[in-house]
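Whatever order the structure lists ligands and atoms in, that order sets their numbers, starting from 1. Numbers for residues simply follow the sequence, beginning at 1. Hydrogens, waters and symmetry mates play no part in the numbers below; they use all other heavy atoms, side chains included.
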Amino acid sequence: MITLPRYLVTVAGEIPLRSNRTRPRFYRVLIENIKDAVERAGGRVVEIRIIDAKILLETNVDVEHTVARVFGVHKVGKVLEYEFRDLKELANWVSEHSRSIVQGKTFAVRVKRSGSHSFTSLDVAREIGSILKPYSAGVNLENPDVTINLEVRGSKAYLYLDSTKGPGGIPIGVEGSALVLFSGGYDSPVAAWLAAKRGIKIDFLHFLMGSTQSSYYAFNVAKFLASNWLYGYRPRFILVDLRDLILEITKKVEWRLRQVILRAVMYTIASKIADEIGYDALITGESIGQASSQTLKNLLAIEKAVKSTRIILRPLLGFDKEEIISLSRRIGLYDLSSKVTEACAIAPTRVETAASVKEVEEELGKIDLTVINKVLSTYKVFDLLKTTPGEIIPPDEIEIDFIPEEALVIDMRSENERLSKPIPNAIPIGSIDIKKLSKDKIIVLICETGSKSYFLARALREDGFKAYSLKGGVRGYCKLP
Ligand code: ATP
Ligand code: MG
């Protein structure tokens, strides 16, 4: 007989403690999110129900590690289920399944029980212990090699075969929605994760500041979060092209205040979008004092000047950089985040650390409203789970400042040039028929200076190809290995 995987999910401690009014809603949302997680992992939920404070889950594929990434889950373990009549029968069943595990090892039996029985948890543990002892290296309650975990619920018993720790928190969707100002660096993704852990449905707001490469990798980070941690809804990635506004800031605002004004402009745009779409809050990866623009005085001045209609939450408020990095690793984001290069350095000299509200208001007042309005009327919303990273590269641009991972790279240089400075994975232009390539594939053309490739990319665009020219060619591109 083939048995389907069964799991017992222990919910995070605070959920069972909620009031009678709140608790059923939390469980309902958690169950929906677990279902979504199972389905996204390619499985199907055969059965899911609450038994006492736990959730029993039966699926058609192995989903333990997926369920261990659902917020609100404290622990998930694969279990065997058994319906028993008396203590003897129960102890025999457990022993039968545990004999090989305790062989040559010290062990302990831990039992949790609810329902009315003629025996206590300790009786069960003792009974199992005495049957298993001869097969083992002895009982050791303090520091056993293996632990046998058993849950007794009424006439049913569940024997854990293994278990994985979940993230805790509360289920996404019980706490409204927020827009995360998302750079994709180390901080804002961790801030996003922490907000989601507190039940908030988060979407991502990313500003394209100049480098398409940073935005491309920021998208990858958001997609990773959405695919691996954000269950129960379809997270969105909102892309705002801030380049014209940055130009406007560099034209009108004095050096000292540029970083502060940039931040104020980001808050302004984010608040407007939050109003329009209806988010409850804005979330940033700021932590007090981490950068010179993130002092309490600056943040206050910016918030007052911007008059945001949304609360701005900063989940990293009390975190050191090291703590943020170690969380980033635990979430699985570290490598992806490290690819997001520092995008914007429009104020390399001394920056203001104590701007006044008046100053910020004055400088903000210099920004041309039509530029702000244009930025606000052109933002794009992507369904993260359905979008590929290449799709967020602005389609009307022919030049690109990096090579997307999924691109087909075509080398237009002469054989001599190719041999003297090879480009990894590039195909010489003479060896393929470009017109036969798929029009869905991103093509990056590379020549010596970026001009021949520009003209060819433009011509290919007219024929419907997704062709780009590497900006500056081989000479201008420092990052070619
Ligand atoms: P991060 O590691 O999140 O990039 P940081 O330490 O580099 O943060 P800043 O670059 O000053 O600090 O950014 C502070 C916060 O401003 C970020 O955490 C993020 O919330 C927001 N932010 C910065 N750049 C962008 C961007 N390109 N798009 C959206 N939000 C941004
Ligand atoms: Mg940053």
Side-chain angles (χ1 to χ4, degrees), residues 178-196 202-222 225 236-246 249 258-274 279 281-296 298-299 302-303 306 308 310-317 319-329 331 333-348 351-353 355 375 379-382 392 394:
L179 197 53
V180 182
L181 278 71
F182 190 82
S183 70
Y186 295 114
D187 301 341
S188 37
V190 173
W193 186 87
L194 286 168
I202 53 159
D203 282 340
F204 302 85
L205 175 67
H206 176 76
F207 296 113
L208 171 59
M209 306 260 221
S211 156
T212 324
Q213 181 171 18
S214 302
S215 298
Y216 175 87
Y217 284 115
F219 178 88
N220 277 337
V221 181
L225 270 173
R236 293 183 285 187
F237 186 85
I238 302 176
L239 182 66
V240 178
D241 190 341
L242 210 65
R243 289 175 294 184
D244 287 349
L245 244 172
I246 289 179
I249 293 173
R258 281 185 192 173
Q259 208 60 262
V260 171
I261 298 304
L262 173 64
R263 198 149 288 284
V265 162
M266 295 202 289
Y267 284 8
T268 306
I269 305 265
S271 303
K272 291 249 161 66
I273 295 177
Y279 295 97
L282 300 178
I283 290 165
T284 81
E286 290 154 337
S287 104
I288 301 302
Q290 193 192 80
S292 42
S293 62
Q294 298 175 19
T295 59
L296 272 186
N298 276 350
L299 291 178
I302 297 167
E303 279 198 26
V306 168
S308 171
R310 309 285 131 176
I311 45 168
I312 299 173
L313 301 175
R314 301 180 175 89
L316 302 183
L317 193 77
F319 283 55
D320 301 338
K321 198 75 188 183
E322 275 151 48
E323 292 166 322
I324 296 168
I325 297 287
S326 93
L327 245 183
S328 165
R329 284 187 202 280
I331 301 168
L333 291 167
Y334 184 81
D335 289 339
L336 282 176
S337 276
S338 60
K339 289 190 181 168
V340 178
T341 45
E342 275 303 313
C344 191
I346 60 168
V351 297
E352 183 57 64
T353 54
V375 168
Y379 70 83
K380 295 202 192 96
V381 182
F382 299 93
I392 69 135

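Considering every non-hydrogen atom in both S188 and V180, the closest pair reads O-CG1, 4.1 Å. Across V340 and G185, no two heavy atoms sit closer than the pair CG1-N, 4.1 Å. Between V375 and D241 the shortest heavy-atom distance is CG2-O, 3.7 Å.
Atom CD1 of I331 sits about 5.0 Å away from atom CH2 of W193, to the nearest 0.5 Å.
A heavy-atom distance below 4.5 Å is not found between the side chains of Y379 and I269. Between L181 and I312, the closest side-chain pair of non-hydrogen atoms is not below 4.5 Å. At a threshold of 4.5 Å between non-hydrogen side-chain atoms, the residues V221 and F204 do not count as touching.
In terms of polar-atom proximity, F207 is counted as a contact of ligand 1, with an N or O under 3.5 Å from an N or O of the ligand. At least one N or O atom of G285 sits closer than 3.5 Å to an N or O atom of ligand 1. For ligand 1, the polar-atom distance check finds no N/O of I283 at less than 3.5 Å from any of the ligand's N/O atoms.
The T284 neighbourhood of ligand 1 comprises atoms 20 (O), with distances under 4.0 Å to a heavy atom of that residue. Set against the non-hydrogen atoms of L181, the atoms of ligand 1 under 4.0 Å away are 19 (C), 20 (O), 21 (C), 29 (C), 30 (N). The L205 neighbourhood of ligand 1 comprises atoms 29 (C), with distances under 4.0 Å to a heavy atom of that residue. If you number the atoms of ligand 1 from 1 as listed, the ones under 4.0 Å from a heavy atom of G185 come out as 2 (O), 4 (O).
With a 4.0 Å cut-off on non-hydrogen atoms, V340 does not touch ligand 1 at all.
The shell of residues lying under 4.0 angstrom from ligand 1, judged by heavy atoms, includes R263.
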